Amino acid sequence: MRVLIVEDERNLAETLREMLKQNRFDSDICFDGEKGLKYAQEGTYDLIILDVMLPKVNGFTIVERLRNAGVATPILLLTARSSVDDYVHGLDLGADYYLTKPFEMQELMACVRALTRRHGEVVMDKLQFGDLMLNKSTCELFCGDRSIRLGKKEFSIMHLLMMNGNVVVTKEQILDNAWGVDSEAEDNNVEVYISFLRKKLRYLHAETQIETLRKFGYKLQENT
Ligand code: CA
């Protein structure tokens with residue numbers, strides 16, 4: 001197995017190479033995006049570990065160019081950014097998985113093993129409740145053959161509701177989860193987003209509905 005590491009933090013790149021070597025992976029290192037793109041296009045690799053913030057050409061551009069050029073090698077993105085938007089952007093462009101720095105080496109090796117085993121098949125992270133399926137990698141909500149993209153807050157709220165299933169989720173839990181503990185957001189912010197989600201459930205023709213328990217919170221209800 002051969003891995004291409006594109007990472008401008010030299011210490012991290014060397015640590016990765018050492019860790020991979022211990023796990024019987026050979027690797028090449030490129031310290032900038034231009035060289036990384038060239039190696040990725042011309043070499044034969046089983047996996048590319050790619051930093052996002054790179055000199056010359058950034059990681060997102062590299063993913064886009066490789067996929068447009070038909071290079072299907074699995075790509076694991078590494079980045080200091082942690083927003084859902086970046087995560088989705090990277091995956092939309094064709095990356096297979098995403099790790100936010102700092103990460104544990106064990107976590108990285110687990111990703112490396114999964115991605116080299118799967119040969120480029122996207123590692124999907126799905127959550128299911130009733131007739132709904134939430135793809136955590138793309139923030140898309142599915143019902144049968146219909147699907148819709150959720151905004152960042154809508155995703156956080158739907159994720160929380162689906163995780164809790166038939167258990168009631170309080171407005172406070174939703175506020176802490178989607179807006180953050182220190183946020184100034186209020187109950188009516190929650191109500192607005194719940195109405196957005198209900199609209200999307202109608203669009204999906206979902207049997208599962210968001211039930212309101214007055215002065216308490218919300219829960220999902222399967223209406224089958
Ligand atoms: Ca960097």
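In this text the structure is predicted, and so the values were computed from the model without any measurement. Order of appearance sets the numbers: ligands from 1, and atoms from 1 within every ligand.
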>> For N/O/S atoms only: which one belongs to D51 and is nearest the Ca ion (ligand 1)?
In response: OD2
> Which is the closest N/O/S atom of D8 when seen from the Ca ion (ligand 1)?
Replying inline: OD1
>> Under a 3.5 Å threshold, yes or no: a donor from one side chain and an acceptor from the other, between R2 and T73?
In response: no
>> Suppose we only count N/O/S atoms under 3.0 Å; would E7 qualify as near the Ca ion (ligand 1)?
In response: no
>> Using 3.0 Å as the threshold, say whether any N, O or S atom from E9 sits that close to the Ca ion (ligand 1).
In response: no
> Taking only residues two or more places apart in sequence, or in another chain, which ones meet L213 in a side-chain contact (heavy atoms from CB on, under 4.5 Å)?
Replying inline: V168, F216, K219
>> Any salt bridge linking K101 with E7? Criterion: basic side-chain nitrogen under 4.0 Å from a carboxylate oxygen.
In response: yes
> Is K171 salt-bridged to E186, going by a charged N under 4.0 Å from an acidic O?
Replying inline: no
